[in-house]
Amino acid sequence: YQRRVREKKQTHLTAGVNKLNEAKSLVDDLKAKAAVKSKVLAEKQKEADEALNEITARIQQASENKQEMEVLKTKLGEETVKLEQRKKAIDIELAEIQPLVDEAKAAVGNIKSESLSEIR
């Protein structure tokens, strides 16, 4: 009777050891897969970090370009105001001179061709 009990215990223990060995094998498999996935994850994280850095750099560049554009826009506005003021001054001066030009044209137009021949 004790022999059967021992055999039964030994069978039970052997089955337990087999289950533990299977579990150890499964854990080893899972560790290997986890190591591979961890490496892939590290690579993907590196790529994501690089992409984020590139995006950040582009956003910074766009911000700098926008600031530069605002400065140029302000300068353009100032130059436009100066040009408009200068045009007004020239128009005023031209308005003062135009009657004299018109008068000179009329005077030249009134000279007879015989008088011009005499001058020659």
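What you see is a predicted model, and the numbers here were worked out from it, not measured in a lab. Numbers here simply count residues along the sequence, with the first being 1.
At a threshold of 4.5 Å between non-hydrogen side-chain atoms, the residues T80 and L76 count as touching.
For V71, the side chain to side chain contact (heavy atoms under 4.5 Å, CB included) partners two or more places apart in sequence, or in a different chain, are K75. In this view, E7 and R3 satisfy the salt bridge (charged side-chain N to carboxylate O under 4.0 Å, His left out) rule, not counting sequence neighbours. When the side chain to side chain contact (heavy atoms under 4.5 Å, CB included) test is applied to V108, no partner is found at least two apart in sequence or on another chain. Listed by chain and residue number, nothing satisfies the salt bridge (charged side-chain N to carboxylate O under 4.0 Å, His left out) test with K88 (two or more places apart in sequence, or in another chain).
A salt bridge (Lys or Arg N to Asp or Glu O under 4.0 Å) check over residues 91-104, counting only residues at least two apart or in different chains, returns the pairs K87-D91. Listed by first and then second residue, the salt bridge (Lys or Arg N to Asp or Glu O under 4.0 Å) pairs involving residues 57-69 are E54-R58 (not counting sequence neighbours). Applying the side-chain hydrogen bond (donor to acceptor under 3.5 Å, both in side chains) definition to pairs two or more places apart or across chains, those involving residues 10-27 are K24-D28. Among pairs with a residue in residues 40-51, those fulfilling side-chain hydrogen bond (donor to acceptor under 3.5 Å, both in side chains) read Q45-D49, at least two apart in sequence or across chains.
Here L30 is tied into one hydrophobic group with L26, each link being a pair of ILVMFWY side chains closer than 4.5 Å. Clustering of Ile, Leu, Val, Met, Phe, Trp and Tyr by side-chain heavy atoms under 4.5 Å joins V101 with I97. Apart from I59 itself, the hydrophobic cluster it occupies contains I55, where clustering links Ile, Leu, Val, Met, Phe, Trp and Tyr at side-chain heavy-atom distances under 4.5 Å.
K9 contributes atom NZ, which lies 9.5 Å from atom CD of Q2 (distance to the nearest 0.5 angstrom).
Annotation for P99 and A95: closest pair CD-O, 3.0 Å, computed over non-hydrogen atoms.
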Quick one: side chains of residues 31-42, donor-acceptor pairs under 3.5 Å with protein atoms, not counting sequence neighbours, listed by atom name and distance.
none

